Amino acid sequence: QVHVGESGGGLVQAGGSLRLSCVASGGTFSSSTMGWFRQAPGKEREFVAAIGWSGPKTYYTDSVKGRFTISRDNAKNTVFLQMNALRPEDTAIYYCAVNPTYYTGTYFHLPTTYDYWGQGTQVTVSS
């Protein structure tokens with residue numbers, strides 16, 4: 001049974017940094033596409049970043065480009081989201097998502113691309 005778990009959220013002041021981690025277990029994920037989404041109160045879940053199976057291919061929503069970095073450690077089935085220069089509008093629950101297949105499509109920004117989700121970790125940025 002596949003399990004996805006996030007950690008690393010917390011409360012930080014604007015301009016600060018946090019590093020989120022996500023570990024996937026119960027399957028083989030070396031060929032997976034892994035992504036981060038977030039959902040703020042009263043808003044829909046939105047795409048933040050994704051990383052392809054080969055690692056070097058990364059994708060970001062425009063609002064986080066230059067501030068967030070996604071990376072992965074295939075040996076540990078782990079994906080990271082380094083978040084710098086945080087803003088109050090980054091406040092949300094952050095979810096990790098996994099597509100364990102060899103995905104070659106372009107819809108990495110859609111929640112429906114992913115098969116497994118974590119429970120989320122809260123990130124709160126104070127002004």
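Bear in mind the structure is a predicted one, so any value in this text is a computation, not a measurement.
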Within the 4.5 Å heavy-atom criterion, are Phe80 and Asp73 side-chain neighbours or not? yes
Give, for atom CD of Gln82 and atom CG of Leu20, the distance between the pair rounded to the nearest 0.5 Å. 9.0 Å
Backbone of Thr33 reached by a side-chain donor or acceptor of Arg72 within 3.5 Å: no
About how many Å separate CG of Leu81 and OH of Tyr60, when rounded to the nearest 0.5 Å? 7.5 Å
Apply side-chain contact (heavy atoms from CB on, under 4.5 Å) to the pair Gln122 and Thr91, showing each step before the final yes or no. CA-CA 8 Å; Gln122 177 71 49; Thr91 295; 4.1 Å; yes
Value for CG (Leu18) from CG (Leu11), rounded to nearest 0.5 Å, stands at 8.5 Å
Can you tell me how far apart CH2 (Trp36) and OG1 (Thr121) are? Round to the nearest 0.5 Å. 7.5 Å
If two hydrophobic side chains count as joined below 4.5 Å and joins carry through other members, does Leu86 share a cluster with Phe47? no
Taking all non-hydrogen atoms of both residues, which atom of Ser32 and which atom of Val98 are closest, and how far apart? CB-CG1, 4.1 Å
Return the minimal non-hydrogen interatomic distance between Ser127 and Pro88, and the atom names on each side. CB-CG, 3.8 Å
Using 0.5 Å steps for rounding, measure from the CZ atom of Phe29 to the CG atom of Asn99. 10.5 Å
Co-membership, hydrophobic cluster, residues Tyr59 and Tyr95, 4.5 Å side-chain: yes
Indicate, with yes or no, if Val2 and Val79 share a hydrophobic cluster defined by side-chain heavy-atom contacts under 4.5 Å among Ile, Leu, Val, Met, Phe, Trp and Tyr. yes
Is Val4 reachable from Ile70 through a run of hydrophobic residues whose side-chain heavy atoms are each under 4.5 Å from the next? yes
Heavy-atom count around Gln119 CD within 6.0 Å, excluding the residue itself: above 12? no
Using atom types as modelled and distance alone, determine if a side-chain donor or acceptor of Thr113 lies under 3.5 Å from a backbone N or O of Tyr107. yes
Side chains of Val125 and Met83: does their closest heavy-atom pair fall under 4.5 Å? no
Fit a plane to each ring of Tyr114 and Trp117, take the angle between them on a 0 to 90° scale, and name the class: parallel (under 30°), tilted (30 to 60°) or perpendicular (over 60°). perpendicular
Taking atom types as modelled, is there a side-chain donor on Arg87 or Ser63 under 3.5 Å from an acceptor on the other? no
Between OG1 of Thr124 and CG of Asp90, what distance do you get to the nearest 0.5 Å? 11.0 Å
Going only through I, L, V, M, F, W and Y residues with side-chain contacts under 4.5 Å, is there a path from Phe68 to Val123? yes
State whether the side chain of Ser31 and the backbone N or O of Thr101 hold a donor-acceptor pair below 3.5 Å, judged by distance alone. no
Please answer whether the main-chain N or O of Gly120 pairs with a side-chain N or O of Glu6 as donor and acceptor at a distance below 3.5 Å. yes
